[in-house]
*Asks:* 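Shown below is the structure under consideration.
Every chain is numbered from 1 and lettered A, B, ... according to where its sequence line falls, protein lines coming before strand lines.
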There are 2 protein chains.
Amino acid sequence: MRESQEYDKYAHEPFAVTVDLAVFTIRDGALHVLLVERGQEPYAGQWALPGGFVLPDESAESAAQRELAEETGLADVSGLHLEQVRTYSDPGRDPRMRVVSVAFAALVPDLPEARAGGDAAGAAWLPYGPAAYRPLAFDHDRILGDAYDRIRAKLEYTGLATAFCPPEFTLGELRQVYEAVWGAELDPANFRRKVVGTAGLVEAIPGAARLTGGRGKPAALFRAGTATALHPPLLRPTPEGPSS
Amino acid sequence: MRESQEYDKYAHEPFAVTVDLAVFTIRDGALHVLLVERGQEPYAGQWALPGGFVLPDESAESAAQRELAEETGLADVSGLHLEQVRTYSDPGRDPRMRVVSVAFAALVPDLPEARAGGDAAGAAWLPYGPAAYRPLAFDHDRILGDAYDRIRAKLEYTGLATAFCPPEFTLGELRQVYEAVWGAELDPANFRRKVVGTAGLVEAIPGAARLTGGRGKPAALFRAGTATALHPPLLRPTPEGPSS
DNA sequence: CCAAAAGTGTTCAAATTACACCCATGA
DNA sequence: TCATGGGTGTAATTTGAACACTTTTGG
């Protein structure tokens, strides 16, 4: 009970509070995640999620923003999607001391600069999935998995997918986001109708059309809408067995 | 960066880590929340969410379970639904010191014992909503609101509603859960078809039928199914403007 | 008998699916 | 002109909403 406890700041062994970031992007039609290579023990040489301490005068959200800017090299991250996933607090999750970590998921468009800025031994965008960079340091495999589950689910019932896109994008690019995250193909015709017909998801830009980079008819440009919740949701093709 | 920081445990002013619980139940067809009355400053005399410190050798989840058992008076809370909502870390959210709080939402069936056990000045089940017990202490209004939003949303696409019910329940009781949380009436006929037709949501119990406590045809008993995710979701009636 | 709740059946509208088909462009 | 992706049309199917109706109990 908070009521029955003393507020002696030094009564217990102190907790350190950190943030860990799962930063996702779509590159070459596949979901990628930003990882850093650890330069020192424990877990030296292994990949880990970027992160760092929450400073005494900032919130976890501020710390996450700060780290995101550092790692991506972007001056302004205020427009990026950054959301809390959950907090990891198992004793012993860091062998050095008691560390409670608040995990965040960030969604960024494919960045012009190929690599992450920063200070760690190395940083790289690596394709998400059961890959060569596992296992990650600490409990970061679990954190990364939880973050992925969150964004995969949120694509269905929010307009989150636009957070992966630049300010102006084509519906083909938006569809690639869904296909990359869900690992499933979507019918372009039906996808267009659904997205355009869902109020607040995207809005057309009156201006001209753009070429997708290669052949094909130039596609119209859209920008993200204002809707956060989608009713009805944009369901992904049956992920498991029959439901009825 | 974690890499570039020393692990001096006492380098910074320490963080305290607490848990706060939003414990919900359905009582008399309405959603209720368990609140405690603060006996001391700050916020003496105001209602607050139950909660307490995370001890040095336990996780936030363990602390939440411990608190839940204390507050509800139940010896075994392992079967209850308890999930993390998010973590609140604004500097200054507690005037006494730097407190980072991990918030949980708990769902319990209507308890035989009317009141919460425990130690605080007072504890009570109060109807959820804009009510006389506001504002809550600290940032608990916001925490409670976030917890409510979470469970309301999760009813749609998970089998969470059964967590409000006793081990064996009728479909009328389950429907009351949805109606109480969503604040909307559902068609009993269509609700039954949807729930029974969704694989893994509920399963029939071969045994006899039960009377609902009053008049009406005796209802069949069901128990919770094993499904966590619902495809397709159980949509609630349009909460806002038209979507297409 | 009447009210109330469980449970079944039926109907109509709306959404989803699976395509066929045309358009505009780069190679 | 051909391949490619954008965009529109449309019919078959499925799902969902609305509501009439029967069943079984308590009062």
Side-chain angles (χ1 to χ4, degrees), chain A residues 28-29 156-157 165 168-180 182 184-199 201-222 230-239 242-244, chain B residues 28-29 156-157 165 168-180 182 184-199 201-222 230-239 242-244:
Chain A
D28 305 326
E156 289 195 38
Y157 55 92
C165 297
E168 302 192 340
F169 52 87
T170 69
L171 295 187
E173 290 170 339
L174 185 63
R175 182 167 45 83
Q176 277 190 28
V177 171
Y178 282 91
E179 292 180 335
W182 286 348
E185 296 214 336
L186 300 176
D187 184 300
N190 295 332
F191 179 82
R192 152 176 278 271
R193 258 187 299 263
K194 184 115 185 186
V195 166
V196 172
T198 299
L201 218 193
V202 298
E203 52 190 55
I205 299 176
R210 169 175 81 158
L211 38 169
T212 328
R215 33 194 170 293
K217 183 178 175 178
L221 287 176
F222 293 80
L230 263 41
H231 277 276
L234 193 63
L235 293 177
R236 68 177 185 274
T238 66
S243 59
S244 59
Chain B
D28 305 325
E156 288 196 41
Y157 56 93
C165 297
E168 302 192 341
F169 54 87
T170 69
L171 294 189
E173 290 170 338
L174 185 63
R175 181 166 46 83
Q176 276 190 29
V177 170
Y178 282 91
E179 292 179 335
W182 287 348
E185 296 215 336
L186 300 176
D187 183 298
N190 295 331
F191 179 81
R192 152 176 281 270
R193 260 188 297 263
K194 186 113 181 185
V195 166
V196 172
T198 300
L201 217 195
V202 298
E203 51 189 57
I205 299 176
R210 168 177 84 159
L211 38 169
T212 328
R215 33 194 172 296
K217 182 177 175 177
L221 288 175
F222 292 80
L230 262 42
H231 277 275
L234 194 61
L235 293 177
R236 69 178 185 274
T238 66
S243 59
S244 60

*Asks:* In whole angstroms, how far is the C1' atom of C:dT16 from the CZ atom of A:Arg236?
*Replies:*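 Distance, rounded to whole Å: 17 Å.
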*Asks:* Would you mind reporting whether B:Pro188 and B:Leu171 have side-chain heavy atoms less than 4.5 Å apart?
*Replies:* no
*Asks:* Let me confirm one number: the CG-CD distance from B:Asp28 to B:Gln176, rounded to the nearest 0.5 Å.
*Replies:* 9.5 Å
*Asks:* What is the distance, rounded to the nearest whole Å, between atom NE2 of A:His231 and atom C1' of C:dA15?
*Replies:*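 About 16 Å, once rounded to whole Å.
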*Asks:* Rounded to the nearest Å, what distance is computed from the CG atom of residue A:Asp187 to the C1' atom of nucleotide C:dA20?
*Replies:* 11 Å
*Asks:* With the side chain of A:Arg215 defined as its heavy atoms from C-beta on, choose the nearest nucleotide among C:dT25, C:dG9, C:dG7.
*Replies:*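 Among C:dT25, C:dG9, C:dG7, the one nearest the side chain of A:Arg215 is C:dT25.
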*Asks:* When you compare the side chain of A:Thr198 with that of A:Leu234, does any pair of heavy atoms fall below 4.5 Å?
*Replies:*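 Answer no - side chains too far apart.
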*Asks:* Rounded to whole Å, please give me the gap between CG in A:Asn190 and P in D:dG6.
*Replies:*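 Result: 14 Å.
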*Asks:* Rounding to a whole Å, what distance do you find between B:Phe191:CZ and C:dA5:P?
*Replies:* 16 Å
*Asks:* Mind calculating the distance between CD (B:Glu185) and P (D:dC19) to the nearest angstrom?
*Replies:* 13 Å
*Asks:* In whole angstrom, give the distance that lies between atom CD of A:Glu173 and atom C1' of D:dG5.
*Replies:*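 The distance from CD of A:Glu173 to C1' of D:dG5 comes to 12 Å, rounded to the nearest Å.
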*Asks:* For the side chain of A:Ala219, counting heavy atoms from C-beta on, which of C:dA18, D:dG7, C:dA5 is nearest?
*Replies:* D:dG7
*Asks:* State whether B:Lys194 places a side-chain N or O below 4.0 Å from either non-bridging phosphate oxygen (OP1 or OP2) of D:dG16.
*Replies:* yes
*Asks:* Figure out the NZ/P separation between B:Lys217 and D:dT24, and round it to whole Å.
*Replies:*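 In whole Å, D:dT24 P lies 6 Å from B:Lys217 NZ.
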*Asks:* In terms of side-chain heavy atoms of A:Ala220, which of D:dT23, D:dG6, D:dG7 is nearest?
*Replies:* D:dG7
*Asks:* Both A:Ala189 and B:Arg192 contact DNA chain C. Which one's nearest nucleotide lies toward the 5' end?
*Replies:*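 The residue mapped nearer the 5' terminus is B:Arg192.
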*Asks:* Would one find a side-chain N or O of B:Arg175 under 4.0 angstrom from OP1 or OP2 of C:dA6?
*Replies:*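 Yes, within the criterion.
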*Asks:* Does atom CD of A:Glu185 have more than 12 heavy-atom neighbours from other groups under 6.0 Å away?
*Replies:*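 Not buried by this count: 12 neighbours or fewer within 6.0 Å.
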*Asks:* Tell me which nucleotide among D:dC19, D:dG7, D:dT24 gets nearest to the side chain of B:Arg193.
*Replies:* D:dC19
*Asks:* If we only count heavy atoms from C-beta on, is the A:Leu235 to B:Pro233 side-chain gap below 4.5 Å?
*Replies:* yes
